[in-house]
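What follows is one structure encoded as structure tokens, with my remarks underneath.
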Amino acid sequence: MPRPYSSGLMMRDPSEPVATGRNRRLAHLLGIEGLDRGTITELLTSSDRFVDCNRSEDKKLGTLRGRTLINLFFENSTRTRTSFELAGKRLGADVINMSVGSSSIKKGETLIDTAMTLNAMHPDVLVVRHASSGSVHLLAEKVNCSVINAGDGTHEHPTQALLDALTIRRNLERGLEGLVVAICGDIAHSRVARSNIHLLAIMGARVRVVAPPTLVPAGLDRLGIEIYHDMTRGLAGADIVMMLRLQTERMSAGLVPSLREYYRFYGLTYEKLEYAKPNALIMHPGPMNRGVEIDSEVADDIDRSVIRQQVEMGVAVRMACLTALAGSG
Amino acid sequence: MPRPYSSGLMMRDPSEPVATGRNRRLAHLLGIEGLDRGTITELLTSSDRFVDCNRSEDKKLGTLRGRTLINLFFENSTRTRTSFELAGKRLGADVINMSVGSSSIKKGETLIDTAMTLNAMHPDVLVVRHASSGSVHLLAEKVNCSVINAGDGTHEHPTQALLDALTIRRNLERGLEGLVVAICGDIAHSRVARSNIHLLAIMGARVRVVAPPTLVPAGLDRLGIEIYHDMTRGLAGADIVMMLRLQTERMSAGLVPSLREYYRFYGLTYEKLEYAKPNALIMHPGPMNRGVEIDSEVADDIDRSVIRQQVEMGVAVRMACLTALAGSG
Amino acid sequence: MPRPYSSGLMMRDPSEPVATGRNRRLAHLLGIEGLDRGTITELLTSSDRFVDCNRSEDKKLGTLRGRTLINLFFENSTRTRTSFELAGKRLGADVINMSVGSSSIKKGETLIDTAMTLNAMHPDVLVVRHASSGSVHLLAEKVNCSVINAGDGTHEHPTQALLDALTIRRNLERGLEGLVVAICGDIAHSRVARSNIHLLAIMGARVRVVAPPTLVPAGLDRLGIEIYHDMTRGLAGADIVMMLRLQTERMSAGLVPSLREYYRFYGLTYEKLEYAKPNALIMHPGPMNRGVEIDSEVADDIDRSVIRQQVEMGVAVRMACLTALAGSG
């Protein structure tokens with residue numbers, strides 16, 4: 001597993017504790033790798049407060065009034081962009097969306113020039129998604145504002161891992177320590193898997209991956225992760241079953257023989273779910289391919305599926321991250 | 001005329017009167033069919049207040065502060081989307097636009113999954129446009145928030161009918177009761193026509209449709225509507241002439257021989273307008289095909305065309321609907 | 001050089017001084033041509049205040065609270081649109097973006113119908129970009145609200161000239177009077193060049209253009225501008241070197257032989273820069289074609305390049321213009 005950068009989160013002053021005052025807040029949130037357990041716990045605890053806010057009638061806070069958030073998306077993602085946009089607006093920030101696929105890139109401008117142009121407009125936070133692993137970190141080195149990585153290539157997607165952790169924590173009183181988590185599907189190409197693997201390891205969970213050999217990246221065993229190619233064995237005794245979206249491009253690349261075959265061996269069905277713990281939580285980052293990586297009824301299981309809750313937690317987690325980065329402390 | 005759903009508007013508590021308190025406000029606005037005269041009159045009267053607001057220098061109200069409005073458009077419509085966006089923002093709500101043609105749908109997500117994902121983010125109102133008749137009603141059954149139908153296939157477009165009624169009411173002191181309204185053009189495929197037919201019938205107007213036989217849906221006579229295939233007869237003595245946009249796709253489908261032919265027989269000209277009452281109002285929901293369904297000079301007639309006023313009333317009507325659905329009563 | 005319109009800026013009451021009270025504020029900002037030195041100076045002085053605001057933590061002002069700004073872009077430009085959007089939001093206005101390429105135009109609606117539709121929604125300011133020279137002026141004659149030209153064809157782009165002037169003024173204490181400014185590149189097709197030429201002439205600067213003969217419009221000498229076809233001569237003794245973006249379409253039109261040839265003769269390199277004054281400022285409106293009209297290192301020159309500052313000044317200048325047009329005086 002490549003480690004393009006040594007640290008997922010950079011501090012304004014590395015000698016100071018996190019997020020406890022104006023001069024000590026986080027500079028960037030670029031990945032989960034490199035974060036410590038305290039920082040993660042603090043972000044999750046802060047998120048709980050925003051869950052309550054989002055469930056109330058008046059969802060408007062003034063925390064980021066006068067701040068500017070720019071969503072800079074080089075890849076389409078209405079789901080993640082909407083979540084950040086809502087988070088920013090509910091905190092009172094001015095939010096600007098920039099979808100770049102169709103504009104400056106066509107005009108031949110470089111990633112860094114696009115970023116520096118926005119930087120000159122004095123945003124407080126740039127939320128960036130880009131198809132190239134490492135690009136968001138590169139960008140963060142150039143700008144004066146805080147940067148949140150909203151997904152860079154197959155590298156990291158830290159707010160997804162945080163929202164997954166928040167969902168687990170709110171459903172299982174015992175917390176993440178010692179939990180058995182099975183992450184199933186296209187591990188090799190998934191920034192969601194990568195960020196979750198880091199977070200779960202940091203928080204003391206036991207991580208397994210379950211995937212066909214073609215979709216497991218090399219070197220994963222070094223991280224202390226158990227690798228399975230069989231769902232029934234991989235799910236045995238799991239507390240959490242995290243399914244990943246199968247990009248249909250994988251099929252044309254020859255990594256998966258057919259969607260039907262994939263579903264038969266790796267799609268989550270009630271039969272396979274039998275092997276996990278009785279109350280195992282079912283998770284999926286969305287958008288789902290029903291009937292490919294997950295059976296439609298399993299996805300909607302009232303007792304065990306927390307897929308909608310993940311989306312809800314997403315807004316709260318992003319509010320916590322934005323506040324940690326741009327709040328006045 | 002198909003009746004996909006029995007009721008256009010659903011009450012939170014059907015035993016209670018409309019919009020008179022927090023627990024009695026409307027749940028959804030899915031169509032005009034099923035509304036009663038009192039509800040419509042109440043919405044129109046409430047709209048009048050917002051017309052004044054929109055004409056003043058300070059157009060900002062705090063009515064929906066802390067509420068979230070999501071515009072979920074599966075079909076392109078900058079005009080309607082902009083009208084709802086302005087309405088929401090002027091009421092103080094946080095407004096998010098989601099144009100779905102290009103994003104999650106491509107990723108194979110179902111309509112309901114897209115809606116449930118947004119629902120999990122706790123919007124207060126979802127404004128939805130979709131190409132399939134009935135889809136918005138289906139969606140409304142699944143979500144916790146209020147839903148406004150901004151046009152579903154050839155079914156309904158209730159805020160358009162309300163803004164048309166408001167425009168008429170403000171121009172003709174005598175109100176809608178007993179007015180002769182001629183709706184002209186592509187009745188068969190028009191949700192605007194359908195919503196207007198329902199509203200005008202409820203309010204006691206006499207509705208005529210004027211269209212070539214290929215563009216009149218079966219069963220229309222059952223609703224007590226007079227059907228004409230000749231403009232001069234259909235307009236005779238009309239108080240209101242409502243033109244509909246001709247979708248050019250109708251021509252390729254063989255329903256209309258040519259635009260020239262269509263204009264000759266069904267385009268609104270001063271010659272044909274002679275048959276209506278001297279001060280008959282000219283209406284069109286926009287965007288217009290000048291020289292197809294309406295002569296360019298007629299469209300701009302200073303004394304009789306209220307086409308720009310319709311747009312103005314649109315923002316006010318949407319403010320009234322949003323307030324009825326999401327205001328705190 | 002064509003003069004499609006006699007005046008760049010129209011007053012609500014031509015007999016009154018500018019921007020000194022509610023009834024005397026500007027009606028439109030359509031171009032620099034026709035503005036006087038006092039108006040320009042006033043806008044630049046007002047901009048300085050907004051530069052400070054944008055650099056502070058709380059960047060929110062209530063100046064335009066309750067006002068509506070619509071960005072109506074018939075040409076793609078995330079950079080300019082974002083700058084206006086930020087300016088409007090930081091002033092407290094409700095901002096609506098309408099990108100028209102993909103919507104109503106496809107539906108066959110005319111420019112004026114699109115504008116009149118928006119006008120009926122009571123915006124206070126329409127910011128318009130359009131590919132046709134003169135179209136924005138035409139539109140301004142029809143609507144009730146203020147209009148800012150954000151670029152019309154090869155005609156004018158007044159806020160770009162104002163932000164360039166602000167950048168110069170803040171870097172050179174002596175002001176614009178008597179400065180030698182060399183504008184280099186595709187003069188013929190550049191609205192940026194045109195607006196700058198007008199502004200610099202009004203403010204008493206000495207303007208030179210440097211370009212291949214194919215890219216110089218006829219009649220330029222009448223405006224008292226010196227024309228050069230050789231960079232070393234054109235830059236000799238210049239205080240300011242303004243590079244223009246080369247539209248790659250120019251090459252396919254046969255106006256430029258090749259990008260390499262263009263760079264060799266007209267690209268700004270350190271060698272050519274030697275001929276200008278030692279501290280000459282390097283400017284570019286962006287987005288840059290590095291290695292075409294400007295050397296990459298020159299573009300990033302820490303001491304002399306003010307290209308990022310231009311972007312920063314852009315937001316401030318737009319805040320000043322919006323306030324002059326829509327503020328309550």
Side-chain angles (χ1 to χ4, degrees), chain A residues 50-62 73 75-93 95 97 99 101-102 163 167 245-248 259 284-293 296 299-300 306-316 318, chain B residues 12 22-23 25 60-74 85 88-89 91-127 142-146 323 325-329:
Chain A
F50 294 114
V51 174
D52 296 337
C53 165
N54 289 331
R55 288 180 180 174
S56 64
E57 193 167 46
D58 184 351
K59 290 170 277 286
K60 193 83 172 183
L61 299 170
F73 276 60
E75 280 188 333
N76 254 343
S77 169
T78 42
R79 170 189 288 262
T80 304
R81 192 263 299 159
T82 298
S83 185
F84 273 108
E85 185 178 355
L86 256 182
K89 286 183 170 171
R90 286 182 179 163
L91 289 167
V95 182
N97 291 318
S99 185
S102 50
L163 73 89
T167 307
R245 176 177 169 77
L246 184 75
Q247 311 287 346
T248 48
L259 295 184
H284 191 296
M288 289 186 277
N289 292 305
R290 290 170 180 267
V292 178
E293 71 263 6
S296 198
D300 296 331
V306 292
I307 295 172
R308 304 300 180 206
Q309 269 183 55
Q310 288 173 272
V311 177
E312 183 188 13
M313 296 305 123
V315 180
R318 282 155 190 143
Chain B
R12 293 198 194 277
R22 170 174 299 234
N23 298 315
R25 62 186 195 207
K60 194 83 173 183
L61 300 169
T63 320
L64 296 190
R65 195 177 182 281
R67 308 302 192 286
T68 303
L69 162 64
I70 302 185
N71 282 321
L72 177 58
F73 276 60
F74 294 89
E85 185 178 355
K89 286 183 170 172
L91 289 167
D94 289 320
V95 183
I96 306 274
N97 291 318
M98 248 190 91
S99 184
V100 195
S102 50
S103 63
S104 300
I105 278 187
K106 275 199 193 147
K107 293 187 179 174
E109 195 177 52
T110 66
L111 165 67
I112 296 303
D113 274 343
T114 300
M116 292 308 285
T117 297
L118 293 181
N119 183 56
M121 296 183 190
H122 295 292
D124 296 274
V125 185
L126 272 179
V127 174
K142 302 284 184 177
V143 298
N144 304 111
C145 60
S146 293
T323 302
L325 292 173
S328 47

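Naming: A, B, ... by sequence-line order, numbering from 1 per chain.
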**Report entry** Check: A:Arg79 and B:Leu118 side chains under 4.5 Å, non-hydrogen atoms
**Finding:** no
Interatomic distance, [X] atom [atom1] to [Y] atom [atom2] [nearest 0.5 angstrom]:
{"X": "A:Ile307", "Y": "B:Thr117", "atom1": "CD1", "atom2": "OG1", "answer": "9.5 Å"}
{"X": "A:Leu86", "Y": "B:Met121", "atom1": "CG", "atom2": "CE", "answer": "6.5 Å"}
{"X": "A:Asn97", "Y": "B:Asn97", "atom1": "CG", "atom2": "CG", "answer": "9.0 Å"}
{"X": "B:Arg67", "Y": "A:Lys59", "atom1": "CZ", "atom2": "NZ", "answer": "6.5 Å"}

- prompt: Please walk me through it: do A:Lys89 and B:Ile96 pass side-chain contact (heavy atoms from CB on, under 4.5 Å)?
  reply: CA-CA 9 Å; A:Lys89 286 183 170 171; B:Ile96 306 274; 4.2 Å; yes
Residues at least two apart in sequence or cross-chain that pass side-chain hydrogen bond (donor to acceptor under 3.5 Å, both in side chains) with A:Asp58, listed by chain then number, are none
Applying a strict 4.5 Å limit to non-hydrogen atoms, the region of A:Ser83 in contact with chain B is both
By salt bridge (charged side-chain N to carboxylate O under 4.0 Å, His left out), A:Arg90 pairs with (sequence neighbours left out) none
task: Using a strict cut-off of less than 4.0 Å between a Lys/Arg side-chain nitrogen and an Asp/Glu carboxylate oxygen, indicate whether A:Arg308 and B:Asp113 qualify as a salt bridge.
output: yes
Given A:Gln309, A:Gln310, A:Arg81, A:Met313, the one with more heavy-atom pairs under 4.5 angstrom with chain B than any other is A:Arg81
For A:Glu57 and B:Ser328 the tightest heavy-atom approach is OE1-CB, 4.2 Å
